[in-house]
Amino acid sequence: MANNLLAGKRGIIFGALNEQSIAWKVAQRCHAEGATFVLSNAPLAMRMGEINKLSEECNAPVIAADATSVEDLEKVFSGAVEQLGGKIDFVLHSIGMSPNIRKGKGYGELNYEWFLKTLDISALSFHKMLHVAEKQDALNEWGSVVALSYIAAQRAFLDYTDMSQAKAVLESIARSYGQRLGHLKKVRVNTVSQSPTKTTAGAGISGFNAFYEYAERMSPLGNAPAEACADYCVSLFSDLTRFVTMQNLMHDGGFSTTGISEGIVEAITAASAGSEA
């Protein structure tokens, strides 16, 4: 149910690829809540995805950009301000990619040039985005910027490899730039640490189904779906959360603060009984 939480607000949503994308769900919810916004993704991702369908549904212009390119990001922010008719109230960074994961490289065999690419795409792009927004004075006072993260920034997860470091850098940038933009413009900057979610990016991680099922059993509320994450992002874009900034906000059904769950105990007990038989 829509409540017009974002009525009159203008935004930029980076990273919508297809209907599985969290950014796609965020765009739909922002549209339902009365916002206008620009969509942006890399040219290759746009060719592979279905962003034009989302653009039509939400009446949202599309500006192609490589998020690692400051020049491209300058065009996105200046273009968004021009096309939307004013400064930006909210930004979503939903961008992450690891060439090492795509190529099946284990943590002990990382290609370091690819590692740098992972950091550039998945984390430094966030700094570049905020840098451009600041230099262009493109953000309204009391604006909100959100980037999507994952608990592997704080804990070791098999097969998440260099993306763990990228997410840790992403969260650090949110704190540092949150402090800066808070002083300058009253703009808040946060990250949302989302449950494992069945997106195109998630499916590319070896053992993802095990990640997903383990988190589902551990979380008292179960894994948070993409639609619920979109709702949470809308709340962070709204005026209801004006004094929340520099935080890594867990949106994971309680996974991050659960030591062990009844479901895991039962599964281990059953497995032990089976091995003793």
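Because the structure is predicted, anything quoted here is derived from the model rather than measured.
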**Q** Are the side chain of T241 and the backbone N or O of S235 linked by a donor-acceptor pair below 3.5 Å?
**A**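 Checked: pair present.
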**Q** Does M129 reach the side chain of I95, with side-chain heavy atoms less than 4.5 Å apart?
**A**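 Yes; the side chains approach each other to less than 4.5 Å.
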**Q** Tell me every residue that passes salt bridge (charged side-chain N to carboxylate O under 4.0 Å, His left out) with E19, counting only those two or more places apart in sequence or in another chain.
**A**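 E19: salt bridge (charged side-chain N to carboxylate O under 4.0 Å, His left out) contacts with K53.
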**Q** Who passes side chain to side chain contact (heavy atoms under 4.5 Å, CB included) against N248, sequence neighbours left out?
**A**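 With neighbours one apart ignored, the set is S149, Q154, E171, T191, S193, M250.
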**Q** Is a side-chain N or O of T68 found less than 3.5 angstrom from the main chain of D66, in a donor-acceptor match?
**A**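 No; judged by distance alone, with no hydrogens or angles, the pair does not exist.
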**Q** Counting only heavy atoms not in R217, do more than 12 sit closer than 6.0 Å to its CZ atom?
**A**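 For R217, atom CZ is not crowded (no more than 12 foreign heavy atoms under 6.0 Å).
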**Q** Sequence neighbours excluded, which residues qualify as salt bridge (charged side-chain N to carboxylate O under 4.0 Å, His left out) partners of E227?
**A**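 Expected list: K25.
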**Q** Identify each donor-acceptor pair in which a side-chain atom of residues 75-87 lies under 3.5 Å from a protein atom, sequence neighbours left out, and give them as a table.
**A**
{"residue": "S78", "atom": "OG", "partner": "E74", "partner atom": "O", "Å": "2.8"}
{"residue": "S78", "atom": "OG", "partner": "K75", "partner atom": "O", "Å": "3.4"}
{"residue": "K87", "atom": "NZ", "partner": "D137", "partner atom": "OD2", "Å": "2.9"}

**Q** Starting at OG1 of T118, measure out to OH of Y112 and round the result to the nearest 0.5 Å.
**A**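 If we round to the nearest 0.5 Å, T118:OG1 and Y112:OH are 12.5 Å apart.
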**Q** Are the ring centres of F126 and Y177 closer than 6.0 Å?
**A**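 Ring-ring flag for F126/Y177: false, centres at least 6.0 Å apart.
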**Q** According to salt bridge (charged side-chain N to carboxylate O under 4.0 Å, His left out), who are the partners of R242, at least two apart in sequence or on a separate chain?
**A**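 For R242 the salt bridge (charged side-chain N to carboxylate O under 4.0 Å, His left out) partners, ignoring immediate neighbours, are D239.
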**Q** By salt bridge (charged side-chain N to carboxylate O under 4.0 Å, His left out), which residues pair with D120, not counting sequence neighbours?
**A**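 Here the qualifying residues are K128.
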**Q** Quickly, which of V146, L92, I22, D252 forms a side-chain contact (heavy atoms from CB on, under 4.5 Å) with V192? Name it, please.
**A**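 Of V146, L92, I22, D252, side-chain contact (heavy atoms from CB on, under 4.5 Å) with V192 is met by V146 alone.
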